[in-house]
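Down below is the structure, laid out as C-alpha coordinates.
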Protein chains: 2
Amino acid sequence: MAPRPASKTAVPSDKVGVICRALRRAIIEQALAPGAKLPEDSLGERFGVSRTIARHALGQLAAEGLVELRRNRIAVVATPSWQEARDAFDIRIELERLVVRQLAGKLTKSQVAELNAHVDAEDRARDGSDAVSIRLATEFHILLANMTNSPILVRYVSEVAYRCCLTLSLYSRPHSSECAINEHRAIIAALVKGDEAKVMSLMHSHLDSVASRALVAPAPPRGRDLLDILAPYAEEGESERVVKMPKVVRAR
Amino acid sequence: MAPRPASKTAVPSDKVGVICRALRRAIIEQALAPGAKLPEDSLGERFGVSRTIARHALGQLAAEGLVELRRNRIAVVATPSWQEARDAFDIRIELERLVVRQLAGKLTKSQVAELNAHVDAEDRARDGSDAVSIRLATEFHILLANMTNSPILVRYVSEVAYRCCLTLSLYSRPHSSECAINEHRAIIAALVKGDEAKVMSLMHSHLDSVASRALVAPAPPRGRDLLDILAPYAEEGESERVVKMPKVVRAR
DNA sequence: GACCCACAAGGTGCATGCAATTGAGGCGCA
DNA sequence: TGCGCCTCAATTGCATGCACCTTGTGGGTC
(Lines give C-alpha, C1' and ligand atoms only; values in the text may rest on other atoms or scores of the structure.)
Protein backbone atom coordinates (compact mmCIF):
# COMPACT_ATOMS: atom_id res chain seq x y z
CA MET A 1 0.00 0.00 0.00
CA ALA A 2 1.42 3.34 -0.99
CA PRO A 3 1.93 5.81 1.85
CA ARG A 4 -0.65 8.52 2.05
CA PRO A 5 -0.65 11.93 3.65
CA ALA A 6 -1.52 11.88 7.31
CA SER A 7 -4.97 12.82 8.45
CA LYS A 8 -5.69 16.42 9.31
CA THR A 9 -8.14 16.91 12.12
CA ALA A 10 -11.02 19.04 10.99
CA VAL A 11 -10.79 21.18 14.08
CA PRO A 12 -11.75 24.81 13.55
CA SER A 13 -9.44 26.68 15.83
CA ASP A 14 -7.76 24.66 18.44
CA LYS A 15 -9.15 25.85 21.69
CA VAL A 16 -12.22 24.08 20.52
CA GLY A 17 -10.16 21.02 19.79
CA VAL A 18 -8.64 21.05 23.24
CA ILE A 19 -12.04 21.13 24.88
CA CYS A 20 -13.38 18.41 22.64
CA ARG A 21 -10.49 16.11 23.37
CA ALA A 22 -10.75 16.74 27.09
CA LEU A 23 -14.46 16.08 27.17
CA ARG A 24 -14.18 13.02 24.98
CA ARG A 25 -11.64 11.58 27.31
CA ALA A 26 -13.62 12.46 30.39
CA ILE A 27 -16.59 10.76 28.83
CA ILE A 28 -14.89 7.55 27.80
CA GLU A 29 -13.19 7.28 31.17
CA GLN A 30 -16.65 7.58 32.64
CA ALA A 31 -15.71 10.59 34.69
CA LEU A 32 -18.63 12.17 32.93
CA ALA A 33 -21.47 9.71 33.00
CA PRO A 34 -24.33 9.74 30.52
CA GLY A 35 -26.80 12.42 31.48
CA ALA A 36 -24.19 14.63 33.13
CA LYS A 37 -24.89 18.31 32.55
CA LEU A 38 -22.48 20.43 30.56
CA PRO A 39 -23.34 24.11 31.00
CA GLU A 40 -21.52 26.41 28.60
CA ASP A 41 -20.48 28.76 31.38
CA SER A 42 -18.82 26.14 33.53
CA LEU A 43 -17.05 24.66 30.57
CA GLY A 44 -15.78 28.04 29.47
CA GLU A 45 -14.67 28.88 32.95
CA ARG A 46 -12.89 25.58 33.46
CA PHE A 47 -11.01 25.83 30.17
CA GLY A 48 -10.42 29.55 30.33
CA VAL A 49 -12.42 30.48 27.25
CA SER A 50 -15.66 32.22 26.56
CA ARG A 51 -19.00 30.58 26.19
CA THR A 52 -18.71 30.99 22.45
CA ILE A 53 -15.91 28.48 22.30
CA ALA A 54 -17.41 26.08 24.77
CA ARG A 55 -20.58 26.18 22.77
CA HIS A 56 -18.75 25.41 19.59
CA ALA A 57 -17.07 22.44 21.22
CA LEU A 58 -20.41 21.13 22.42
CA GLY A 59 -21.67 21.44 18.87
CA GLN A 60 -18.85 19.27 17.60
CA LEU A 61 -19.38 16.64 20.25
CA ALA A 62 -23.07 16.62 19.51
CA ALA A 63 -22.26 15.97 15.87
CA GLU A 64 -20.27 12.97 17.05
CA GLY A 65 -23.17 11.77 19.13
CA LEU A 66 -21.40 12.05 22.46
CA VAL A 67 -23.43 15.00 23.66
CA GLU A 68 -27.08 15.86 23.42
CA LEU A 69 -28.11 19.42 22.71
CA ARG A 70 -31.62 20.49 23.58
CA ARG A 71 -32.83 23.91 22.63
CA ASN A 72 -32.60 26.35 25.53
CA ARG A 73 -31.57 23.56 27.84
CA ILE A 74 -28.28 22.58 29.32
CA ALA A 75 -26.35 20.15 27.14
CA VAL A 76 -25.86 16.70 28.60
CA VAL A 77 -23.67 13.72 27.92
CA ALA A 78 -25.59 11.50 25.54
CA THR A 79 -27.64 8.62 26.93
CA PRO A 80 -27.97 6.17 24.07
CA SER A 81 -30.78 3.68 24.27
CA TRP A 82 -30.00 0.02 24.46
CA GLN A 83 -31.01 -0.37 20.84
CA GLU A 84 -28.77 2.48 19.76
CA ALA A 85 -25.93 0.83 21.60
CA ARG A 86 -26.57 -2.39 19.74
CA ASP A 87 -26.70 -0.50 16.44
CA ALA A 88 -23.43 1.22 17.23
CA PHE A 89 -21.75 -2.09 17.80
CA ASP A 90 -23.14 -3.50 14.57
CA ILE A 91 -21.73 -0.60 12.64
CA ARG A 92 -18.48 -0.82 14.48
CA ILE A 93 -18.09 -4.45 13.56
CA GLU A 94 -18.43 -3.71 9.87
CA LEU A 95 -16.06 -0.76 10.00
CA GLU A 96 -13.39 -2.59 11.90
CA ARG A 97 -13.62 -5.62 9.67
CA LEU A 98 -12.81 -3.20 6.89
CA VAL A 99 -9.88 -1.89 8.87
CA VAL A 100 -8.26 -5.26 9.41
CA ARG A 101 -9.02 -6.29 5.86
CA GLN A 102 -7.02 -3.34 4.62
CA LEU A 103 -4.26 -3.96 7.10
CA ALA A 104 -3.81 -7.72 6.79
CA GLY A 105 -0.27 -8.52 5.77
CA LYS A 106 0.56 -4.88 5.20
CA LEU A 107 1.88 -3.77 8.57
CA THR A 108 5.42 -2.53 8.87
CA LYS A 109 7.71 -3.82 11.57
CA SER A 110 7.45 -0.60 13.52
CA GLN A 111 3.69 -0.66 13.35
CA VAL A 112 3.61 -4.16 14.72
CA ALA A 113 5.95 -3.07 17.48
CA GLU A 114 3.68 -0.17 18.26
CA LEU A 115 0.66 -2.41 18.48
CA ASN A 116 2.43 -4.88 20.73
CA ALA A 117 3.60 -2.07 22.96
CA HIS A 118 0.08 -0.85 23.26
CA VAL A 119 -1.25 -4.23 24.25
CA ASP A 120 1.56 -4.51 26.77
CA ALA A 121 0.36 -1.26 28.22
CA GLU A 122 -3.14 -2.68 28.39
CA ASP A 123 -1.72 -5.62 30.24
CA ARG A 124 0.07 -3.44 32.73
CA ALA A 125 -3.05 -1.39 33.32
CA ARG A 126 -5.12 -4.45 34.04
CA ASP A 127 -4.91 -3.92 37.77
CA GLY A 128 -5.70 -0.25 37.53
CA SER A 129 -9.09 1.32 37.19
CA ASP A 130 -11.66 0.00 34.79
CA ALA A 131 -11.82 3.42 33.24
CA VAL A 132 -8.22 3.27 32.10
CA SER A 133 -8.59 -0.29 30.84
CA ILE A 134 -11.57 0.66 28.78
CA ARG A 135 -9.82 3.68 27.37
CA LEU A 136 -6.76 1.70 26.42
CA ALA A 137 -8.83 -1.03 24.82
CA THR A 138 -10.64 1.56 22.77
CA GLU A 139 -7.42 3.25 21.80
CA PHE A 140 -6.08 -0.02 20.51
CA HIS A 141 -8.82 -0.07 17.95
CA ILE A 142 -8.27 3.54 17.03
CA LEU A 143 -4.59 2.88 16.70
CA LEU A 144 -5.39 0.15 14.21
CA ALA A 145 -7.68 2.43 12.27
CA ASN A 146 -4.96 5.06 12.16
CA MET A 147 -2.68 2.62 10.40
CA THR A 148 -4.98 2.43 7.42
CA ASN A 149 -4.06 6.05 6.67
CA SER A 150 -7.62 6.61 5.66
CA PRO A 151 -8.76 9.76 7.45
CA ILE A 152 -12.40 9.01 6.89
CA LEU A 153 -12.14 5.51 8.25
CA VAL A 154 -10.21 6.79 11.24
CA ARG A 155 -12.89 9.32 11.94
CA TYR A 156 -15.75 6.88 11.76
CA VAL A 157 -14.05 4.18 13.73
CA SER A 158 -13.05 6.63 16.43
CA GLU A 159 -16.49 8.08 16.64
CA VAL A 160 -18.32 4.83 16.82
CA ALA A 161 -15.79 3.41 19.25
CA TYR A 162 -16.33 6.36 21.56
CA ARG A 163 -20.03 5.85 21.32
CA CYS A 164 -19.62 2.23 22.24
CA CYS A 165 -17.52 3.27 25.22
CA LEU A 166 -20.33 5.51 26.26
CA THR A 167 -22.75 2.63 26.26
CA LEU A 168 -20.43 0.65 28.47
CA SER A 169 -21.04 3.22 31.18
CA LEU A 170 -24.72 2.59 30.88
CA TYR A 171 -25.20 -1.07 30.33
CA SER A 172 -22.05 -2.85 31.35
CA ARG A 173 -21.18 -4.66 34.51
CA PRO A 174 -17.71 -3.97 35.91
CA HIS A 175 -15.24 -4.61 33.15
CA SER A 176 -13.37 -7.86 32.88
CA SER A 177 -10.97 -7.28 30.09
CA GLU A 178 -8.34 -10.00 30.25
CA CYS A 179 -9.78 -12.07 27.49
CA ALA A 180 -10.14 -8.93 25.41
CA ILE A 181 -6.43 -8.36 25.70
CA ASN A 182 -5.69 -11.84 24.47
CA GLU A 183 -8.03 -11.24 21.58
CA HIS A 184 -6.08 -8.12 20.73
CA ARG A 185 -2.93 -10.17 20.61
CA ALA A 186 -4.57 -12.75 18.41
CA ILE A 187 -5.65 -10.03 16.01
CA ILE A 188 -2.14 -8.67 15.77
CA ALA A 189 -0.83 -12.14 15.07
CA ALA A 190 -3.33 -12.74 12.32
CA LEU A 191 -2.61 -9.34 10.82
CA VAL A 192 1.07 -10.12 10.67
CA LYS A 193 0.38 -13.49 9.16
CA GLY A 194 -1.70 -11.73 6.54
CA ASP A 195 -4.68 -14.04 6.79
CA GLU A 196 -7.41 -11.69 5.70
CA ALA A 197 -10.38 -13.95 6.31
CA LYS A 198 -9.07 -15.06 9.66
CA VAL A 199 -8.41 -11.62 10.98
CA MET A 200 -11.79 -10.36 9.86
CA SER A 201 -13.54 -13.15 11.66
CA LEU A 202 -11.36 -12.61 14.72
CA MET A 203 -12.27 -8.96 14.82
CA HIS A 204 -15.89 -9.82 14.32
CA SER A 205 -16.07 -12.24 17.19
CA HIS A 206 -13.94 -10.00 19.37
CA LEU A 207 -16.30 -7.07 19.02
CA ASP A 208 -19.30 -9.30 19.18
CA SER A 209 -18.19 -10.72 22.49
CA VAL A 210 -17.38 -7.29 23.85
CA ALA A 211 -20.85 -6.21 22.83
CA SER A 212 -22.62 -9.15 24.37
CA ARG A 213 -20.60 -8.93 27.54
CA ALA A 214 -21.34 -5.23 27.66
CA LEU A 215 -24.97 -5.01 26.76
CA VAL A 216 -26.54 -6.86 29.61
CA ALA A 217 -28.24 -4.61 32.12
CA PRO A 218 -28.57 -0.97 33.00
CA ALA A 219 -26.18 0.46 35.58
CA PRO A 220 -27.02 3.06 38.21
CA PRO A 221 -26.39 6.69 37.32
CA ARG A 222 -23.95 8.69 39.33
CA GLY A 223 -23.34 12.34 39.92
CA ARG A 224 -20.55 14.60 41.07
CA ASP A 225 -19.65 18.20 40.56
CA LEU A 226 -18.78 19.06 36.99
CA LEU A 227 -15.96 21.41 37.88
CA ASP A 228 -14.27 18.81 40.03
CA ILE A 229 -14.66 16.09 37.48
CA LEU A 230 -13.10 18.18 34.77
CA ALA A 231 -10.19 19.41 36.82
CA PRO A 232 -7.74 16.71 35.74
CA TYR A 233 -8.79 17.14 32.12
CA ALA A 234 -8.54 20.91 31.97
CA GLU A 235 -4.87 21.24 31.13
CA GLU A 236 -4.16 19.20 28.05
CA GLY A 237 -1.26 17.25 29.38
CA GLU A 238 0.80 14.57 27.71
CA SER A 239 -1.36 13.08 25.05
CA GLU A 240 -2.03 15.64 22.40
CA ARG A 241 -3.38 12.90 20.20
CA VAL A 242 -6.14 10.67 21.39
CA VAL A 243 -3.95 7.67 21.08
CA LYS A 244 -0.73 8.33 22.77
CA MET A 245 2.28 6.35 21.84
CA PRO A 246 3.06 3.23 23.86
CA LYS A 247 5.44 2.80 26.72
CA VAL A 248 4.09 4.84 29.55
CA VAL A 249 0.55 4.42 30.68
CA ARG A 250 0.52 6.84 33.51
CA ALA A 251 -0.73 10.36 32.92
CA ARG A 252 1.53 13.01 34.36
CA MET B 1 -38.25 -5.56 13.78
CA ALA B 2 -39.76 -3.61 16.63
CA PRO B 3 -40.53 0.05 15.98
CA ARG B 4 -38.07 2.45 17.47
CA PRO B 5 -38.22 6.15 18.26
CA ALA B 6 -37.50 8.36 15.29
CA SER B 7 -34.11 9.97 14.93
CA LYS B 8 -33.62 13.41 16.34
CA THR B 9 -31.25 15.59 14.36
CA ALA B 10 -28.45 16.77 16.57
CA VAL B 11 -28.90 20.34 15.42
CA PRO B 12 -28.26 22.96 18.09
CA SER B 13 -30.71 25.71 17.30
CA ASP B 14 -32.30 25.48 13.96
CA LYS B 15 -31.06 28.42 12.07
CA VAL B 16 -27.87 26.47 12.00
CA GLY B 17 -29.76 23.47 10.72
CA VAL B 18 -31.35 25.48 7.95
CA ILE B 19 -28.00 26.71 6.75
CA CYS B 20 -26.48 23.26 6.94
CA ARG B 21 -29.26 21.70 4.92
CA ALA B 22 -29.10 24.43 2.32
CA LEU B 23 -25.36 24.16 1.93
CA ARG B 24 -25.43 20.38 1.85
CA ARG B 25 -27.94 20.48 -0.92
CA ALA B 26 -26.08 23.13 -2.83
CA ILE B 27 -22.97 21.01 -2.55
CA ILE B 28 -24.48 17.73 -3.66
CA GLU B 29 -26.23 19.42 -6.55
CA GLN B 30 -22.82 20.73 -7.47
CA ALA B 31 -23.96 24.32 -7.36
CA LEU B 32 -21.08 24.70 -4.95
CA ALA B 33 -18.13 22.92 -6.45
CA PRO B 34 -15.24 21.61 -4.37
CA GLY B 35 -12.94 24.45 -3.49
CA ALA B 36 -15.68 27.08 -3.55
CA LYS B 37 -15.15 29.70 -0.89
CA LEU B 38 -17.63 30.09 1.95
CA PRO B 39 -16.95 33.33 3.81
CA GLU B 40 -18.83 33.63 7.07
CA ASP B 41 -20.00 37.14 6.23
CA SER B 42 -21.60 36.24 2.92
CA LEU B 43 -23.26 33.20 4.38
CA GLY B 44 -24.65 35.18 7.26
CA GLU B 45 -25.85 37.89 4.95
CA ARG B 46 -27.49 35.45 2.57
CA PHE B 47 -29.33 33.59 5.32
CA GLY B 48 -30.09 36.63 7.42
CA VAL B 49 -28.07 35.64 10.44
CA SER B 50 -24.91 36.77 12.10
CA ARG B 51 -21.47 35.40 11.46
CA THR B 52 -21.72 33.46 14.68
CA ILE B 53 -24.40 31.23 13.28
CA ALA B 54 -22.84 30.88 9.88
CA ARG B 55 -19.65 29.91 11.61
CA HIS B 56 -21.40 27.30 13.66
CA ALA B 57 -22.96 25.81 10.54
CA LEU B 58 -19.59 25.64 8.87
CA GLY B 59 -18.29 23.83 11.90
CA GLN B 60 -20.98 21.19 11.57
CA LEU B 61 -20.36 20.70 7.88
CA ALA B 62 -16.66 20.45 8.54
CA ALA B 63 -17.38 17.70 11.05
CA GLU B 64 -19.23 15.90 8.27
CA GLY B 65 -16.31 16.35 5.93
CA LEU B 66 -18.14 18.48 3.41
CA VAL B 67 -16.29 21.67 4.24
CA GLU B 68 -12.70 22.39 5.02
CA LEU B 69 -11.85 24.84 7.76
CA ARG B 70 -8.39 26.38 7.75
CA ARG B 71 -7.36 28.63 10.58
CA ASN B 72 -7.74 32.30 9.73
CA ARG B 73 -8.64 31.40 6.18
CA ILE B 74 -11.90 31.35 4.34
CA ALA B 75 -13.68 28.02 4.60
CA VAL B 76 -14.03 26.10 1.36
CA VAL B 77 -16.06 23.20 0.07
CA ALA B 78 -13.97 20.10 0.68
CA THR B 79 -11.81 18.75 -2.11
CA PRO B 80 -11.26 15.12 -1.29
CA SER B 81 -8.30 13.43 -2.86
CA TRP B 82 -8.86 10.56 -5.21
CA GLN B 83 -7.76 8.16 -2.53
CA GLU B 84 -10.14 9.65 -0.02
CA ALA B 85 -12.93 9.27 -2.52
CA ARG B 86 -12.06 5.62 -2.93
CA ASP B 87 -11.98 5.18 0.85
CA ALA B 88 -15.36 6.82 1.18
CA PHE B 89 -16.85 4.40 -1.30
CA ASP B 90 -15.31 1.44 0.49
CA ILE B 91 -16.86 2.53 3.74
CA ARG B 92 -20.12 3.25 2.05
CA ILE B 93 -20.27 -0.23 0.63
CA GLU B 94 -19.91 -1.83 4.04
CA LEU B 95 -22.45 0.46 5.64
CA GLU B 96 -25.05 -0.03 2.96
CA ARG B 97 -24.57 -3.77 2.96
CA LEU B 98 -25.46 -3.54 6.61
CA VAL B 99 -28.52 -1.50 5.74
CA VAL B 100 -29.93 -3.98 3.28
CA ARG B 101 -29.02 -6.89 5.51
CA GLN B 102 -31.18 -5.40 8.23
CA LEU B 103 -33.94 -4.59 5.81
CA ALA B 104 -34.17 -7.80 3.79
CA GLY B 105 -37.64 -9.26 4.07
CA LYS B 106 -38.70 -6.74 6.67
CA LEU B 107 -40.13 -3.92 4.59
CA THR B 108 -43.75 -2.97 5.02
CA LYS B 109 -45.97 -2.54 2.02
CA SER B 110 -45.99 1.21 2.39
CA GLN B 111 -42.24 1.29 2.59
CA VAL B 112 -41.96 -0.67 -0.62
CA ALA B 113 -44.41 1.71 -2.23
CA GLU B 114 -42.38 4.64 -1.09
CA LEU B 115 -39.22 3.17 -2.51
CA ASN B 116 -40.88 2.44 -5.81
CA ALA B 117 -42.26 5.95 -5.94
CA HIS B 118 -38.83 7.32 -5.38
CA VAL B 119 -37.31 5.29 -8.17
CA ASP B 120 -40.13 6.40 -10.43
CA ALA B 121 -39.15 9.95 -9.60
CA GLU B 122 -35.59 9.13 -10.52
CA ASP B 123 -36.84 7.80 -13.80
CA ARG B 124 -38.80 10.92 -14.55
CA ALA B 125 -35.81 13.11 -13.71
CA ARG B 126 -33.58 11.21 -16.07
CA ASP B 127 -33.89 13.82 -18.77
CA GLY B 128 -33.32 16.67 -16.37
CA SER B 129 -30.04 17.94 -15.05
CA ASP B 130 -27.35 15.61 -13.86
CA ALA B 131 -27.40 17.42 -10.56
CA VAL B 132 -30.96 16.39 -9.83
CA SER B 133 -30.34 12.82 -10.94
CA ILE B 134 -27.39 12.54 -8.64
CA ARG B 135 -29.30 14.00 -5.75
CA LEU B 136 -32.21 11.65 -6.24
CA ALA B 137 -29.95 8.65 -6.55
CA THR B 138 -28.26 9.62 -3.32
CA GLU B 139 -31.56 10.18 -1.59
CA PHE B 140 -32.68 6.70 -2.56
CA HIS B 141 -29.88 5.30 -0.48
CA ILE B 142 -30.62 7.61 2.41
CA LEU B 143 -34.25 6.63 2.21
CA LEU B 144 -33.23 3.02 2.58
CA ALA B 145 -31.05 3.84 5.55
CA ASN B 146 -33.95 5.67 7.16
CA MET B 147 -36.02 2.55 7.05
CA THR B 148 -33.64 0.77 9.37
CA ASN B 149 -34.76 3.18 12.11
CA SER B 150 -31.23 3.24 13.34
CA PRO B 151 -30.33 6.92 13.81
CA ILE B 152 -26.63 6.19 13.89
CA LEU B 153 -26.71 4.20 10.72
CA VAL B 154 -28.77 6.89 9.03
CA ARG B 155 -26.27 9.51 10.02
CA TYR B 156 -23.26 7.61 8.79
CA VAL B 157 -24.83 6.52 5.54
CA SER B 158 -26.03 10.04 4.83
CA GLU B 159 -22.69 11.53 5.60
CA VAL B 160 -20.68 9.15 3.54
CA ALA B 161 -23.17 9.32 0.69
CA TYR B 162 -22.86 13.09 0.62
CA ARG B 163 -19.13 12.77 0.59
CA CYS B 164 -19.34 10.40 -2.32
CA CYS B 165 -21.54 12.89 -4.14
CA LEU B 166 -18.89 15.45 -3.57
CA THR B 167 -16.31 13.30 -5.24
CA LEU B 168 -18.55 12.89 -8.25
CA SER B 169 -18.14 16.59 -8.87
CA LEU B 170 -14.42 16.14 -8.94
CA TYR B 171 -13.69 12.89 -10.67
CA SER B 172 -16.75 11.88 -12.62
CA ARG B 173 -17.58 12.23 -16.27
CA PRO B 174 -21.10 13.43 -17.03
CA HIS B 175 -23.47 11.15 -15.24
CA SER B 176 -25.15 8.28 -17.00
CA SER B 177 -27.55 6.94 -14.48
CA GLU B 178 -30.00 4.67 -16.29
CA CYS B 179 -28.33 1.47 -15.27
CA ALA B 180 -28.14 2.76 -11.73
CA ILE B 181 -31.90 3.15 -11.71
CA ASN B 182 -32.37 -0.42 -12.81
CA GLU B 183 -30.02 -1.50 -10.10
CA HIS B 184 -32.15 0.37 -7.59
CA ARG B 185 -35.18 -1.57 -8.79
CA ALA B 186 -33.32 -4.83 -8.51
CA ILE B 187 -32.35 -4.01 -4.95
CA ILE B 188 -35.95 -3.30 -4.02
CA ALA B 189 -37.04 -6.58 -5.56
CA ALA B 190 -34.43 -8.53 -3.65
CA LEU B 191 -35.34 -6.77 -0.44
CA VAL B 192 -38.97 -7.72 -0.87
CA LYS B 193 -38.01 -11.27 -1.65
CA GLY B 194 -36.00 -11.27 1.55
CA ASP B 195 -32.90 -12.79 0.04
CA GLU B 196 -30.29 -11.38 2.37
CA ALA B 197 -27.20 -12.64 0.60
CA LYS B 198 -28.50 -11.63 -2.79
CA VAL B 199 -29.42 -8.11 -1.81
CA MET B 200 -26.10 -7.57 -0.08
CA SER B 201 -24.22 -8.62 -3.14
CA LEU B 202 -26.48 -6.49 -5.32
CA MET B 203 -25.82 -3.45 -3.20
CA HIS B 204 -22.13 -4.21 -3.22
CA SER B 205 -21.86 -4.42 -6.97
CA HIS B 206 -24.16 -1.45 -7.44
CA LEU B 207 -22.00 0.83 -5.36
CA ASP B 208 -18.86 -0.67 -6.75
CA SER B 209 -19.93 0.09 -10.27
CA VAL B 210 -20.99 3.59 -9.36
CA ALA B 211 -17.59 4.07 -7.82
CA SER B 212 -15.65 2.75 -10.75
CA ARG B 213 -17.74 4.70 -13.22
CA ALA B 214 -17.23 7.76 -11.08
CA LEU B 215 -13.60 7.63 -10.16
CA VAL B 216 -11.99 7.92 -13.51
CA ALA B 217 -10.47 11.32 -14.13
CA PRO B 218 -10.40 14.79 -12.69
CA ALA B 219 -12.88 17.33 -13.99
CA PRO B 220 -12.24 21.03 -14.49
CA PRO B 221 -13.13 23.34 -11.62
CA ARG B 222 -15.73 25.97 -12.09
CA GLY B 223 -16.57 29.22 -10.40
CA ARG B 224 -19.46 31.59 -10.05
CA ASP B 225 -20.49 34.14 -7.50
CA LEU B 226 -21.34 32.66 -4.15
CA LEU B 227 -24.29 34.93 -3.50
CA ASP B 228 -25.88 34.05 -6.82
CA ILE B 229 -25.31 30.36 -6.38
CA LEU B 230 -26.95 30.35 -2.98
CA ALA B 231 -29.97 32.41 -3.94
CA PRO B 232 -32.24 29.46 -4.74
CA TYR B 233 -31.16 27.71 -1.58
CA ALA B 234 -31.64 30.61 0.79
CA GLU B 235 -35.30 30.10 1.53
CA GLU B 236 -35.81 26.57 2.69
CA GLY B 237 -38.35 25.51 0.13
CA GLU B 238 -40.26 22.30 -0.42
CA SER B 239 -38.23 19.53 1.08
CA GLU B 240 -37.56 20.53 4.63
CA ARG B 241 -35.80 17.30 5.42
CA VAL B 242 -33.52 15.78 2.90
CA VAL B 243 -35.52 12.63 2.91
CA LYS B 244 -38.78 12.70 4.70
CA MET B 245 -39.54 9.92 7.09
CA PRO B 246 -41.84 7.21 5.87
CA LYS B 247 -45.36 7.50 7.17
CA VAL B 248 -45.31 4.40 9.25
CA VAL B 249 -42.12 4.96 11.06
CA ARG B 250 -42.92 8.00 13.04
CA ALA B 251 -43.02 7.25 16.74
CA ARG B 252 -45.38 8.19 19.56
C1' DG C 1 12.37 43.22 -15.73
C1' DA C 2 12.50 40.63 -11.42
C1' DC C 3 12.52 40.56 -6.57
C1' DC C 4 11.44 42.21 -1.97
C1' DC C 5 9.16 44.70 1.47
C1' DA C 6 5.60 47.39 3.59
C1' DC C 7 1.02 48.58 3.95
C1' DA C 8 -3.91 48.24 3.52
C1' DA C 9 -8.09 45.61 3.26
C1' DG C 10 -10.68 41.61 3.87
C1' DG C 11 -11.62 37.88 6.92
C1' DT C 12 -11.40 35.07 10.91
C1' DG C 13 -10.77 34.26 16.41
C1' DC C 14 -12.89 35.20 20.31
C1' DA C 15 -15.19 37.80 24.16
C1' DT C 16 -18.95 40.23 25.68
C1' DG C 17 -23.69 42.06 26.08
C1' DC C 18 -28.55 41.77 25.78
C1' DA C 19 -32.95 39.38 24.85
C1' DA C 20 -35.58 35.19 25.36
C1' DT C 21 -36.63 30.83 27.33
C1' DT C 22 -36.77 27.49 30.86
C1' DG C 23 -37.01 25.29 35.45
C1' DA C 24 -37.65 25.76 40.33
C1' DG C 25 -39.04 27.51 44.45
C1' DG C 26 -42.53 30.02 46.98
C1' DC C 27 -47.04 31.41 47.72
C1' DG C 28 -51.99 31.16 47.76
C1' DC C 29 -56.01 28.49 47.61
C1' DA C 30 -59.01 24.63 47.80
C1' DT D 1 -51.95 18.33 52.67
C1' DG D 2 -51.89 18.75 47.86
C1' DC D 3 -52.28 21.29 43.66
C1' DG D 4 -51.64 25.12 40.60
C1' DC D 5 -49.88 29.70 39.53
C1' DC D 6 -46.44 33.18 39.55
C1' DT D 7 -42.14 35.16 39.89
C1' DC D 8 -37.16 34.99 39.48
C1' DA D 9 -32.64 33.16 38.86
C1' DA D 10 -30.10 30.44 35.71
C1' DT D 11 -28.93 29.45 31.14
C1' DT D 12 -29.04 29.51 26.36
C1' DG D 13 -29.66 32.19 21.52
C1' DC D 14 -27.67 35.39 18.95
C1' DA D 15 -25.48 39.81 17.36
C1' DT D 16 -21.83 42.81 17.61
C1' DG D 17 -17.17 44.66 18.44
C1' DC D 18 -12.28 44.51 18.54
C1' DA D 19 -7.82 42.30 17.79
C1' DC D 20 -5.11 39.64 14.92
C1' DC D 21 -3.81 37.02 10.89
C1' DT D 22 -3.41 36.46 5.99
C1' DT D 23 -3.07 37.91 1.52
C1' DG D 24 -2.87 40.87 -2.36
C1' DT D 25 -0.81 44.98 -4.18
C1' DG D 26 2.13 48.83 -5.21
C1' DG D 27 6.44 51.08 -4.94
C1' DG D 28 11.27 50.91 -4.47
C1' DT D 29 15.66 48.73 -5.42
C1' DC D 30 19.02 46.06 -7.87
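- Across the protein-nucleic acid pair, H56(A) atom NE2 and dG13(D) atom P stand 14 Å apart, rounded to whole Å.
- For R71(A), counting side-chain heavy atoms from C-beta on, the closest listed nucleotide (dC14(D), dC21(D), dT16(C)) is dC14(D).
- A donor-acceptor contact under 3.5 Å links the side chain of R51(A) to the base of dG13(D).
- The aromatic rings of Y156(A) and Y156(B) sit tilted relative to each other, their planes meeting at an angle between 30° and 60°.
- For the pair E40(A) CD and dT21(C) C1', the computed distance is 13 Å after rounding to whole Å.
- The distance between atom CZ of F47(A) and atom P of dG13(C), rounded to the nearest whole Å, is 20 Å.
- Atom pair D14(B):CG and dA20(C):C1' shows a separation of 17 Å (rounding to whole Å applied).
- Applying the side chain to side chain contact (heavy atoms under 4.5 Å, CB included) criterion to Q111(A), with sequence neighbours excluded, gives L107(A), T108(A), M147(A).
- Side-chain proximity of P39(B) to the nucleotides dT12(C), dA15(C), dT12(D) is greatest for dT12(C).
- Taking only side-chain atoms of I74(A), from C-beta outward, the nucleotide of dT11(D), dA15(C), dG13(C) with the closest atom is dT11(D).
- R51(B) places none of its side-chain heavy atoms less than 4.5 Å from the side chain of L58(B).
- Comparing A75(B) and S50(A) by the nucleotide of DNA chain C whose heavy atom lies nearest to each, the residue mapping closer to the 5' end is A75(B).
- Checking dT12(D), dC14(C), dT12(C) against the side-chain heavy atoms of K15(A) singles out dC14(C) as nearest.
- A straight line from CZ of R70(B) to C1' of dG13(C) spans 16 Å, rounded to a whole angstrom.
- Listed for the R135(B) side chain is no donor-acceptor partner under 3.5 Å among the backbone atoms of C165(B).
- Atom CG of L69(B) and atom P of dG11(C) are 16 Å apart (whole Å).
- Atom CD in E68(B) sits about 15 Å away from atom P in dT12(C), given to the nearest Å.
- With hydrogens and angles disregarded, no donor-acceptor distance shorter than 3.5 Å links the side chain of R24(B) to the backbone of L61(B).
- Residue contacts shown for R73(B) are limited to sugar-phosphate atoms, with no base heavy atom under 4.0 Å away.
- dT23(D) atom C1' lies 11 Å from atom CG of N72(B), rounded to whole Å.
- Residue D41(A) has its side chain nearest to dT12(D) when only dT12(D), dT12(C), dT16(C) are considered.
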